[in-house]
Amino acid sequence: MNAALVISEIGDDDVAAVVDLWTRAGLTRPWNDPQADIAFARASAEATILVGRETAGGPIVASVMVGHDGHRGTVYYVSVDPDRQGAGLGRAIMAAAEDWLKARGVWKLNLMVRTDNAAVAEFYRSLGYTLEERLNFARWIDPSKKPSA
Ligand SMILES: CC(C)(COP(=O)(O)OP(=O)(O)OC[C@H]1O[C@@H](n2cnc3c(N)ncnc32)[C@H](O)[C@@H]1OP(=O)(O)O)[C@@H](O)C(=O)NCCC(=O)NCCS
């Protein structure tokens, strides 16, 4: 299904609606401050948050944080309003993220799915993503930011 979205970069007035969308989509975690995540992405020339509306000026129904590290692209906070899921809007916001990356010369997108959200794998498979076996290592290089257990 090819649904249309009016895509724009997040504006100051959109921040509260985007945090609400991420919360209702079940994407926020106690150790990630969404306001800080939004501000950090917006401060970067290599990242942004795209928002999608079904009509110009209408409510935000989809969003994605997209960026690249000079090599590969990635996305976080891929989200569609729970009341509007299953109508092709997830596909549309991912297409917008891919277009944003391609416009910057990035030709591959890697993304992570939490193991407790494995059901969403079928969404990415429907979009043509394939599972690449990798060991994903991470380290809190600033331990002061590490959430307490
Ligand atoms: C994942 C999410 C963004 C998908 O958005 P959506 O608008 O519901 O998806 P679409 O309607 O665009 O679906 C696109 C395709 O994926 C498939 N799909 C979507 N969700 C699926 C699911 N949970 N299981 C199986 N297939 C799924 C659809 O059937 C559709 O396939 P088709 O085009 O071949 O018919 C949305 O469900 C969401 O916000 N989920 C909560 C947040 C989340 O988990 N985000 C991902 C974090 S990694």
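Side chains included, hydrogens not; waters and symmetry mates left out as well; all remaining heavy atoms used. In this text the structure is predicted, and so the values were computed from the model without any measurement. Remember, it's 1-based here, ligands and their atoms both numbered in the order they're listed.
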Any N or O on Val120 sitting closer than 3.5 Å to an N or O of ligand 1?
no

Using a 4.0 Å heavy-atom threshold (strictly under), name the region of Tyr76 that reaches ligand 1: side chain, backbone, both or neither.
neither

Using distance alone, determine whether Gln85 and ligand 1 share an N or O pair under 3.5 Å.
yes

Could you tell me the separation between the CG atom of Leu5 and the CG atom of Leu89, rounded to the nearest 0.5 Å?
5.0 Å

Closest heavy-atom contact between His71 and Val106?
O-CG1, 4.0 Å

Between Val78 and Leu27, which heavy-atom pair has the shortest distance, and what is it?
O-CD1, 3.3 Å

Taking the minimum heavy-atom distance to atom 8 (O) of ligand 1, which of Ala95, Gly86, Ala92 ranks first?
Gly86

Location of contacts on Leu111 toward ligand 1, heavy atoms closer than 4.0 Å:
neither

Under 3.5 Å: N/O of Ala87 near N/O of ligand 1
yes

Could you tell me whether Arg29 and Asp37 make a salt bridge, using a distance below 4.0 angstrom between a side-chain N and a carboxylate O?
no

Below 3.5 Å, N or O to N or O, backbone or side chain included: is there any such pair between Arg91 and ligand 1?
yes

Check: of Asp81, Leu89, Val78, min heavy-atom distance to atom 46 (C) of ligand 1 comes from Val78

With a 4.0 Å cut-off on heavy atoms, is Tyr77 touching ligand 1?
no

Taking distance alone, with N or O pairs closer than 3.5 Å, would you say Ala25 contacts ligand 1?
no

Salt bridge between Arg42 and Asp12, side-chain N to carboxylate O under 4.0 Å?
yes

At a 4.0 Å threshold, what atoms of ligand 1 neighbour a non-hydrogen atom of Gly88?
10 (P), 11 (O), 12 (O)

Under 4.0 Å from a heavy atom of Ser126: give me the atoms of ligand 1 that qualify, with their elements.
15 (C), 16 (O), 17 (C), 31 (O)

Indicate the atoms forming the closest heavy-atom contact of Ser79 with Trp22, along with that distance.
OG-CD1, 3.3 Å

Above 12 or not: heavy atoms from other molecules or residues under 6.0 Å from OH of Tyr124?
yes

Listing, residues 93-100 side-chain donor-acceptor contacts under 3.5 Å, not counting sequence neighbours, or none:
{"residue": "Glu98", "atom": "OE2", "partner": "Tyr129", "partner atom": "OH", "Å": "2.5"}

Can you tell me if Asp13 has over 12 outside heavy atoms packed within less than 6.0 Å of its CG?
no

Would you say Leu127 has any N or O atom under 3.5 Å from an N or O of ligand 1, going by distance alone?
no

Under a 4.0 angstrom heavy-atom cut-off, which atoms of ligand 1 come close to Ser79?
39 (O)

Can we say Glu46 and Arg104 salt-bridge, meaning some charged N sits less than 4.0 Å from an Asp/Glu carboxylate O?
no

Hey, does Asn117 come in under 3.5 Å of ligand 1, counting only N/O atoms on both sides?
yes

